[in-house]
Amino acid sequence: MKQLLLDIKPAAPATLLNFMAGRNDEALASLNAVATNTAQSTFIYLWGEAGSGKSHLLSACESIGMRVVDNVHLLNNEAQIDLFNTYNQLKESGGTLITSGLHAPTQMGLRDDLATRLAWGLVYQLHPLNDAEKALALQNHAAERGIRLPTEVVDYCLRYLRRDLSTLMATLDALDEWSLTTKKPVTVPMLRQLLQLNLEV
């Protein structure tokens with residue numbers, strides 16, 4: 001039997017359009033405003049725990065030509081000075097800078113001058129999706145692919161699988177491929193069999 005979960009197609013490229021905002025709609029709206037040159041502020045700092053969407057948003061911004069710096073909390077002193085200078089240069093030239101870190105700018109032990117600069121622009125705390133939002137994201141993804149996705153399959157995924165959205169989406173894609181191959185509808189027994197086959201590899 002083909003091991004579908006081990007041969008999953010690459011995830012779709014991160015864009016601002018395919019970001020599931022959840023409670024982060026204000027941050028997404030501000031990034032869209034920067035992308036369409038309708039923003040009042042072109043300096044945005046995003047922070048939040050792992051899985052809150054920072055990497056997706058920064059990757060999306062970078063893909064459309066924005067200047068981005070991820071994980072500023074990991075920058076050493078020299079890199080912090082470089083970022084401080086870059087910020088000032090972009091501010092003078094009317095440029096754009098999107099940055100992110102694990103915590104708010106003033107709560108990561110950064111140089112005071114850099115922390116102050118990062119806090120000058122728009123600052124958003126990103127929140128991970130809750131279960132209801134993840135379920136909605138799965139249903140939306142299924143609808144885009146033309147999959148009839150029973151609620152009990154979504155519930156099973158949220159209860160027994162890794163809960164990050166990329167794993168859930170990849171599992172759904174594998175289920176869709178297997179459903180098309182076997183010409184059978186997506187069900188919980190199909191999902192269980194798929195997972196069991198994967199464990200046996």
(request) Evaluate the criterion side chain to side chain contact (heavy atoms under 4.5 Å, CB included) for residue pair I98 and R67; output intermediate values, then yes/no. (result) CA-CA 6 Å; I98 313 297; R67 184 77 173 267; over 6 Å; no
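- Between L180 and D176, some side-chain heavy-atom pair lies under the 4.5 Å cut-off.
- Under the 3.5 Å distance criterion, the side-chain polar atoms of N24 are matched with a main-chain donor or acceptor of A21.
- Residues T36 and N32 fail the side-chain proximity criterion, which asks for heavy atoms closer than 4.5 Å.
- Within the 4.5 Å cutoff, no side-chain heavy atoms of V68 are placed close to those of D70.
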Please list, one pair per line, the donor and acceptor atoms closer than 3.5 Å that link side chains of residues 119-131 to other protein atoms, with sequence neighbours excluded.
residue: Y124; atom: OH; partner: S30; partner atom: OG; Å: 2.5
residue: N130; atom: OD1; partner: A132; partner atom: N; Å: 3.2
residue: N130; atom: OD1; partner: E133; partner atom: N; Å: 2.8
residue: D131; atom: OD1; partner: R163; partner atom: NH2; Å: 2.3
residue: D131; atom: OD2; partner: R163; partner atom: NH2; Å: 2.8

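- Formation of a donor-acceptor pair under 3.5 Å by the S179 side chain with backbone atoms of K184 is found in this model.
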(request) Might you work through the side chain to side chain contact (heavy atoms under 4.5 Å, CB included) test for W47 and M108, ending with a clear yes or no? (result) CA-CA 11 Å; W47 67 279; M108 294 183 295; over 6 Å; no
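- Inter-residue side-chain proximity for L102 and L74 is flagged as unmet; no heavy-atom pair is nearer than 4.5 Å.
- No side-chain donor-acceptor contact under 3.5 Å links S59 to the backbone of H56.
- Residues satisfying the side chain to side chain donor-acceptor pair (under 3.5 Å) criterion with T99, sequence neighbours excluded, are absent altogether.
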(request) For the pair R192 and Y156, evaluate side chain to side chain contact (heavy atoms under 4.5 Å, CB included) and give the outcome as yes or no after the intermediate values. (result) CA-CA 9 Å; R192 285 181 182 146; Y156 190 95; 3.3 Å; yes
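- Side-chain contact between R111 and F84: absent, with no pair of heavy atoms (C-beta onward) separated by less than 4.5 Å.
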(request) Take L118 and L110 through the side chain to side chain contact (heavy atoms under 4.5 Å, CB included) test and state the conclusion after the steps. (result) CA-CA 10 Å; L118 294 177; L110 297 175; 3.8 Å; yes
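- Contact of the L57 side chain with the L16 side chain is registered, since non-hydrogen atoms from C-beta on lie closer than 4.5 Å.
- Under the 4.5 Å side-chain criterion, counting only non-hydrogen atoms from C-beta, Y160 is not in contact with L195.
- Panel note: side chain T42, backbone G95; a donor-acceptor pair is recorded below 3.5 Å.
- Summarising the geometry of L172 relative to A142, their closest heavy-atom pair is CD2-N, 3.9 Å, with the distance given to 0.1 Å.
- Contact check for L83 versus Y87: no side-chain heavy atoms found under the 4.5 Å cut-off.
- Proximity of a side-chain donor or acceptor of H103 to a complementary backbone N or O of G48 within less than 3.5 Å is not detected.
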